[in-house]
2 protein chains.
Amino acid sequence: MGSRTQIDGFIDMSLHADGVEGVQRLCAALGEAYGFDHFIYGASFPTSLIKPAVLVISGHPEAWRDHYQACGYLAVDPAVQHCTRSIRPLIWQDLMLDPKIDEKPFTVMQEAREFGLVSGVSLSIRGSRGELGVLSFSSERTAQQTRSEIDSAIPDLYLLSAYVHEAVGRLVTQGSLPFNRPELTAREHECLLWAAEGKTSWEIARILGISERTAIFHLQNAARRLNASSRQQAVARAVSQGLISLQLG
Amino acid sequence: MGSRTQIDGFIDMSLHADGVEGVQRLCAALGEAYGFDHFIYGASFPTSLIKPAVLVISGHPEAWRDHYQACGYLAVDPAVQHCTRSIRPLIWQDLMLDPKIDEKPFTVMQEAREFGLVSGVSLSIRGSRGELGVLSFSSERTAQQTRSEIDSAIPDLYLLSAYVHEAVGRLVTQGSLPFNRPELTAREHECLLWAAEGKTSWEIARILGISERTAIFHLQNAARRLNASSRQQAVARAVSQGLISLQLG
DNA sequence: TGCGCAACTGTAATATCTTACAGTTATGGG
DNA sequence: CCCATAACTGTAAGATATTACAGTTGCGCA
């Protein structure tokens with residue numbers, strides 16, 4: 001649906017988005033261009049698995065935002081659930097067709113409607129450093145009215161959600177956001193990689209041709225950088241943050 | 001560019017794709033519909049970090065496939081490099097504009113051209129279970145001739161690449177592909193999660209209200225299921241496979 | 001030249017994990 | 001009723017990791 005020049009315009013906007021406000025403006029412009037009334041962007045950064053760093057850029061009505069927060073709906077929101085499990089876009093209406101839907105998630109959808117979030121779409125984004133993002137757009141009109149509009153907007157929005165997310169990633173890299181993303185030295189990286197493969201200090205030392213003491217030394221330094229209190233946690237953090245990453249082959 | 005009914009047709013095709021052949025047919029049909037001559041889909045499954053399970057569905061000329069393999073180009077292919085680092089689509093031509101490009105990656109692009117892969121686009125896909133996929137389409141025509149076509153096809157192809165990837169994910173789940181994806185019991189999951197957070201057996205036992213011996217027991221069972229030889233490796237595997245996953249909040 | 005830093009190495013005490021032994025209890029399906 | 005499985009617990013020996021001590025070497029930069 002969107003013309004290519006429109007998309008290029010948004011891509012350009014994402015590449016120059018300055019600060020959280022810049023991303024906020026970008027999302028708002030996106031929503032407006034494709035006929036939506038509200039948006040929300042949320043992302044988790046795996047600084048910790050249990051308590052990740054979270055960034056939310058909300059274009060939702062304040063009343064709904066407060067209610068959502070107060071009721072702890074994040075834990076049962078079916079759109080969020082979908083985005084943690086799948087990489088496909090979710091058209092909210094399709095949740096109603098699901099016979100397996102529980103009562104609680106259903107309540108969230110019902111109440112959202114009362115606050116003006118009647119129909120919408122949620123896009124999940126997985127970054128190259130283990131981040132999980134969700135970008136949702138919603139309309140005050142009914143699903144019947146918006147279905148075909150949403151359908152045709154999805155390819156553009158799905159693509160642009162990646163650019164929105166990378167714009168946020170750039171804020172993190174630049175240090176505009178307080179989410180630490182440590183860098184490992186070459187040796188720390190190597191040692192941690194082999195540790196993640198189940199090798200002992202002694203084995204890592206053999207593999208790298210160094211003394212066992214040195215392997216331990218590098219692993220300790222890596223753990224310190226990652227704010228980890230044990231080798232297990234260091235490995236978990238490094239993997240979840242994509243510092244130790246899967247190669248294609 | 002693609003009409004919505006065309007996209008819906010491909011989505012439907014992806015949902016019913018049967019076996020690797022079905023996915024192959026889907027990719028071929030996609031490439032053809034958007035004016036490309038070749039495609040290739042590759043995905044890594046984090047069964048192991050060092051030696052992941054790999055699936056390649058190739059629609060490339062056999063001669064190029066052999067040459068690529070023989071020269072070990074996977075390790076230097078700039079398109080692959082881009083896809084491991086970014087979630088944005090890559091239009092091959094844009095690599096030429098990059099002043100930082102090394103000699104080797106440049107060679108890969110040059111030689112690809114001689115084998116009929118003149119211009120193209122690569123799309124990266126990150127699954128919810130830690131998989132990394134790359135879907136590339138290429139044309140025998142020059143970048144000048146195909147630029148605007150590729151530009152307008154990207155939103156559709158980016159969206160559909162997610163469906164292609166999920167179709168492959170379904171093959172894995174159904175057991176059609178020999179990539180094991182173990183399931184953990186509730187307790188194993190809990191124990192492993194806390195272990196990944198750096199807790200000791202004793203601490204995990206306190207948290208869960210069980211004896212230290214039982215926490216150790218569950219962690220050992222989890223490690224066995226994950227084919228891990230140590231707790232570190234078990235944690236690394238569980239995280240990389242998304243069995244211990246980041247929550248939004 | 002001095003400073004910071006990556007990389008390297010050693011010893012020793014203590015904490016934690018791993019393995020192998022040997023069980024109990026409860027639940028659901030054939 | 002039997003069997004498989006999750007969940008649970010205990011002891012003990014040996015392997016591995018963690019912490020704290022105390023260094024050397026080489027490199028790039030101000």
Side-chain angles (χ1 to χ4, degrees), chain A residues 48-50 175 180-241 243-245, chain B residues 48-50 100 173 175 180-241 243-245:
Chain A
S48 153
L49 284 164
I50 299 280
N180 63 327
R181 187 183 286 174
E183 298 215 351
L184 301 175
T185 68
R187 277 310 206 196
E188 285 163 3
H189 180 268
E190 274 180 301
C191 289
L192 212 45
L193 179 58
W194 288 112
E197 282 288 301
K199 304 298 182 194
T200 64
S201 305
W202 184 86
E203 290 170 317
I204 295 169
R206 287 296 93 186
I207 292 168
L208 300 183
I210 55 180
S211 79
E212 182 179 358
R213 181 63 190 85
T214 304
I216 294 171
F217 171 78
H218 289 309
L219 285 164
Q220 283 170 342
N221 289 339
R224 185 159 8 89
R225 267 190 229 275
L226 289 160
N227 272 313
S229 59
S230 72
R231 202 174 289 190
Q232 284 156 52
Q233 193 177 17
V235 163
R237 291 232 162 126
V239 172
S240 70
Q241 295 180 16
L243 295 171
I244 290 177
S245 63
Chain B
S48 154
L49 285 164
I50 298 280
K100 290 176 301 185
T173 308
N180 61 326
R181 187 181 287 173
E183 298 214 351
L184 301 174
T185 68
R187 277 308 207 198
E188 285 164 5
H189 179 269
E190 274 179 301
C191 290
L192 213 45
L193 179 58
W194 287 113
E197 281 290 301
K199 304 299 182 191
T200 65
S201 305
W202 184 87
E203 290 170 317
I204 295 169
R206 288 295 93 188
I207 292 169
L208 299 183
I210 56 181
S211 78
E212 183 179 358
R213 181 63 189 85
T214 303
I216 294 171
F217 171 79
H218 289 309
L219 286 164
Q220 283 170 341
N221 289 339
R224 188 161 4 91
R225 269 191 229 274
L226 291 159
N227 273 314
S229 60
S230 73
R231 202 174 288 192
Q232 283 156 51
Q233 193 177 16
V235 162
R237 292 232 161 127
V239 172
S240 69
Q241 296 181 15
L243 295 172
I244 290 176
S245 63

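Note that the coordinates shown come from a computational prediction; the quantities given were computed from them, not determined experimentally. Lettering of chains follows the sequences in order, A, B, ..., and the numbering in each one begins at 1.
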Quiz item: Which residues within residues 195-203 of chain B lie with some heavy atom under 4.0 Å of an atom in DNA chain D?
Solution: none
Quiz item: In whole Å, what is the span from the CD atom of Glu190(A) to the P atom of dA6(C)?
Solution: 15 Å
Quiz item: In whole angstrom, what separates Leu219(B)'s CG from dC17(C)'s C1'?
Solution: 10 Å
Quiz item: Starting at CD1 of Ile204(A) and ending at P of dA15(D), how long is that distance when rounded to a whole Å?
Solution: 19 Å
Exercise. Measure the shortest side-chain to side-chain distance between Leu219(A) and Ile204(A) over non-hydrogen atoms and say whether it is less than 4.5 angstrom.
Key: yes
Quiz item: Rounded to the Å, how far apart are Gln233(A) CD and dA17(D) C1'?
Solution: 15 Å
Quiz item: Just by distance, with hydrogens left out, do Arg231(A) and Ser201(A) show a side-chain donor and acceptor under 3.5 Å apart?
Solution: yes
Practice problem: State whether the side chain of Arg237(A) and the backbone N or O of Leu226(A) hold a donor-acceptor pair below 3.5 Å, judged by distance alone. | Solution: yes
Exercise. With rounding to the nearest 0.5 Å, note down the distance linking OG in Ser229(A) to CD in Glu203(B).
Key: 7.5 Å
Quiz item: Side chain of Gln233(A), backbone of Glu197(B): donor and acceptor closer than 3.5 Å?
Solution: yes
Exercise. Mind calculating the distance between CD (Gln232(B)) and P (dT18(D)) to the nearest angstrom?
Key: 7 Å
Quiz prompt | Point-to-point distance, once rounded to the nearest 0.5 Å, from CG of Leu192(B) to CG of Leu243(B) | solution = 8.5 Å
Practice problem: Treat primed atoms plus P, OP1 and OP2 as sugar-phosphate and everything else as base, then score nucleotides 4-9 of chain D 5' to 3': B for base contact with protein heavy atoms under 4.0 Å, S for sugar-phosphate contact only, - for none. | Solution: --SBBB
Self-check item: Protein-nucleotide distance (Leu184(A), atom CG; dA7(C), atom P), rounded to Å
Solution: 10 Å
Quiz item: Salt bridge check: are Arg187(B) and Glu190(B) linked by an N-O gap of less than 4.0 Å?
Solution: yes
Quiz item: Hey, is the main chain of Gln232(A) close enough, under 3.5 Å, to the side chain of Gln232(B) for a donor-acceptor pair?
Solution: no
Practice problem: Report the distance from atom CD1 of Ile216(A) to atom P of dA7(C), rounded to the nearest whole Å. | Solution: 17 Å
